[in-house]
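Report on the structure given below.
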Amino acid sequence: MRLATWNINSIRTRVSRAVDFAVREDIDVLALQEIKCKPEQFPYAPFEEAGYHVEAHGLNQWNGVAIASRLPITDVETSFAGMPGFAKGHEGPDAPLEARAIGAMIDGVKVWSLYVPNGRSLDDPHYRYKLHWLDELRQATAAELAANPELPLALVGDFNIIPFPEDNGDPAIVEGVSTHVSPEERAAFFALESAGVTDVVRPLIPEGFTYWDYQRLKFPRNEGIRIDFVLGSRALADAVTGASIHRNERKGEQPSDHVPVVVDLDFAGTDDDDDMPMIFA
DNA sequence: ATGGCCCATTTTATGGGA
């Protein structure tokens with residue numbers, strides 16, 4: 001399986017970019033974030049003509065996530081257990097859920113396309129929402145893997161966290177001042193490791209940005225940040241044979257401000273049966 | 001001079017993005 005994640009920043013504006021990329025790169029599963037539309041507004045036809053089935057989750061013009069797949073999709077979910085909601089002036093347990101998660105089983109792999117809340121500023125209610133959302137994601141992930149430790153599980157998407165100082169090439173994002181780099185956000189990101197998932201791209205690609213702001217010539221100056229990740233359970237990580245960050249997708253007409261991140265998975269090479277020897281051809 | 005963008009919307013302002 002060749003699995004990609006991409007914050008597309010409006011699928012209606014960039015549908016040809018998304019489909020062209022998927023076809024050109026031979027992607028089996030494309031997880032999208034920020035589709036910025038409702039399911040009935042999603043441009044399904046170009047995907048279907050290219051052989052992809054799409055499951056989309058969107059409630060309004062904000063957020064929105066989807067999974068496009070050439071392989072059969074089952075067990076679609078549009079929120080994880082405990083996922084909190086948010087609305088202006090409407091914090092708390094009864095706040096409405098946003099369209100920030102869609103999960104599905106695809107060829108034995110559980111894939112979640114995630115769009116983590118931005119946080120806005122350190123003193124904003126949205127920041128507390130972001131930390132709560134991440135803590136619930138950690139708990140849901142831990143529970144899912146406790147119930148099925150051998151599950152190949154992929155949490156992919158825009159995490160809106162810059163894990164390491166070297167992932168921040170944007171001088172506008174300042175440690176101690178800005179969101180995305182606070183100790184609490186980084187702790188929430190690394191706490192996902194305790195739930196059983198790790199960044200499977202980092203070992204193969206130690207350096208590289210996935211987002212450059214549209215403003216102030218950030219891309220030509222290479223003042224980007226690394227915030228888009230593929231986190232995998234042990235069974236998934238053991239199957240990774242390659243990874244790539246598609247920096248060229250930031251170029252050209254009407255790019256998204258994010259670029260795709262791709263991982264190659266080969267489960268045939270994984271010996272996950274303790275009683276049987278590996279069979280070599 | 002130290003800024004310069006882009007998206008969607010019951011659009012000509014506003015909310016959101018990181």
Side-chain angles (χ1 to χ4, degrees), chain A residues 5-18 32-43 56-66 85-91 95-101 113-131 133-134 157-186 188-189 208-229 245 249-261:
Chain A
T5 182
W6 195 0
N7 180 321
I8 195 69
N9 187 18
S10 172
I11 190 59
R12 286 178 289 178
T13 296
R14 278 177 263 285
V15 59
S16 62
R17 265 194 179 262
L32 295 165
Q33 300 87 39
E34 283 213 85
I35 63 171
K36 291 188 169 176
C37 68
K38 301 172 189 176
E40 60 265 33
Q41 299 171 307
F42 195 99
H57 177 45
L59 297 168
N60 49 44
Q61 69 269 45
W62 293 301
N63 316 307
V65 285
F86 185 87
K88 184 179 276 190
H90 202 140
E91 260 190 291
L97 298 186
E98 298 186 299
R100 295 183 177 274
S113 177
L114 302 172
Y115 179 42
V116 176
N118 173 292
R120 297 180 186 167
S121 67
L122 297 179
D123 59 356
D124 195 291
H126 208 258
Y127 179 73
R128 294 191 295 276
Y129 167 52
K130 178 180 193 174
L131 295 176
W133 200 95
L134 286 161
D158 176 357
F159 284 78
N160 268 323
I161 295 170
I162 300 169
F164 298 102
E166 56 266 36
D167 297 332
N168 181 15
D170 186 341
I173 299 176
V174 181
E175 308 264 338
V177 176
S178 307
T179 61
H180 296 63
V181 293
S182 73
E184 292 86 359
E185 289 164 285
R186 285 174 169 160
F189 182 80
F209 303 137
T210 64
Y211 166 94
W212 295 259
D213 197 305
Y214 287 120
Q215 299 186 65
R216 289 178 285 270
L217 301 173
K218 295 287 189 189
F219 184 61
R221 295 170 185 268
N222 197 29
E223 295 179 343
I225 58 178
R226 183 166 181 159
I227 56 175
D228 299 273
F229 301 103
I245 297 174
E249 285 300 329
R250 187 63 178 77
K251 302 177 181 175
E253 292 289 308
Q254 285 195 296
S256 171
D257 39 8
H258 296 250
V259 295
V261 179

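Order of the sequence lines sets the chain letters (A, B, ...), proteins ahead of strands, with each chain counted from 1.
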Can you see if the side chain of [X] gets near the phosphate of [N] - specifically, an N or O under 4.0 Å from OP1 or OP2?
X      : N      : answer
A:Q41  : B:dA8  : no
A:Y211 : B:dC5  : no
A:R100 : B:dG17 : yes
A:R216 : B:dG3  : no
A:Q61  : B:dT11 : no
A:N160 : B:dA18 : yes
A:H126 : B:dG16 : no
A:S10  : B:dC6  : no
A:R14  : B:dC7  : yes
A:S178 : B:dA18 : no
A:R120 : B:dG17 : yes

Rounded off to whole Å, could you give me the [atom1]-to-[atom2] distance for the [X] and [N] pair?
X      : N      : atom1 : atom2 : result
A:W212 : B:dC6  : CH2   : C1'   : 17 Å
A:I35  : B:dA8  : CD1   : P     : 12 Å
A:K36  : B:dT9  : NZ    : P     : 10 Å
A:Y129 : B:dA18 : OH    : C1'   : 16 Å
A:K218 : B:dG17 : NZ    : P     : 18 Å
A:K130 : B:dG17 : NZ    : P     : 10 Å
A:D213 : B:dG16 : CG    : C1'   : 13 Å
A:D124 : B:dG17 : CG    : C1'   : 13 Å

**OP:** Apply side-chain hydrogen bond (donor to acceptor under 3.5 Å, both in side chains) to A:E34 and A:N9, showing your working.
**Re:** CA-CA 5 Å; A:E34 283 213 85; A:N9 187 18; 5.9 Å; no

Give me the distance, rounded to whole Å, that separates [N] from [M] when you measure between the [atom1] atoms they each carry.
N      : M      : atom1 : value
B:dA18 : B:dT14 : P     : 22 Å
B:dA1  : B:dC7  : C1'   : 29 Å
B:dG3  : B:dT9  : P     : 31 Å
B:dA8  : B:dT12 : C1'   : 15 Å
B:dT11 : B:dG15 : P     : 15 Å

How is [X] classified with respect to the nucleic acid when contacts are heavy atoms under 4.0 Å: base, sugar-phosphate, or nothing?
X      : answer
A:Y115 : sugar-phosphate
A:N7   : sugar-phosphate
A:D158 : sugar-phosphate

Original post:
What's the closest nucleotide to the A:Q215 side chain, out of B:dG4, B:dG15, B:dA8?
Top reply: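 Of the candidates, B:dG4 comes closest.
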
**OP:** Side chain of A:I225 only, please: which of B:dA18, B:dG4, B:dA8 is the nearest?
**Re:**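 Selected nucleotide (nearest to the side chain): B:dA18.
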
Original post:
DNA chain B: A:H180 or A:R221, which has the more 5' nearest nucleotide?
Top reply: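 Result of the comparison: A:R221.
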
Original post:
Does any N or O in the side chain of A:N160 come within less than 3.5 Å of the main-chain N or O of A:V116, such that one atom is a donor and the other an acceptor?
Top reply: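 It does hold such a pair.
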
Original post:
Between the main-chain N or O of A:A99 and the side-chain N or O of A:Y115, is there a donor-acceptor pair closer than 3.5 Å?
Top reply: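 Flag not set: sc A:Y115 to bb A:A99 has no pair under 3.5 Å.
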
**OP:** Indicate, yes or no, whether a donor-acceptor pair under 3.5 Å links the base of B:dA18 to the side chain of A:N118.
**Re:**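 A donor-acceptor contact between them is present.
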
Subject >> A:I225 side, atom CD1; A:Y211 side, atom OH - distance, nearest 0.5 Å >> reply: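 If we round to the nearest 0.5 Å, A:I225:CD1 and A:Y211:OH are 6.0 Å apart.
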
**OP:** Could you pull out the closest heavy-atom pair between A:F189 and A:P163, with the gap in Å?
**Re:**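 Heavy-atom minimum between the residues: CE2-CG, 3.6 Å.
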
Original post:
Which heavy atom in A:A66 sits nearest to a heavy atom in A:I35, and how many Å separate them?
Top reply: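 Nearest heavy atoms, A:A66 then A:I35: CB-CG2, 4.1 Å.
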
**OP:** Look through every strand shown and name the nucleotide pairing with B:dG15 as Watson-Crick or G-U wobble, where both distances are under 3.5 Å.
**Re:**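 With both distances under 3.5 Å, B:dG15 matches B:dC7.
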
**OP:** Name the pairing partner of B:dA1, where a pair is Watson-Crick or G-U wobble with both distances under 3.5 Å, or state none.
**Re:**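 Per the H-bond distance test, none.
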
**OP:** Go through the side-chain N and O atoms of A:K130 and A:N118 and say whether any donor and acceptor fall under 3.5 Å apart.
**Re:**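 A:K130 vs A:N118: no donor-acceptor pair found between side chains.
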
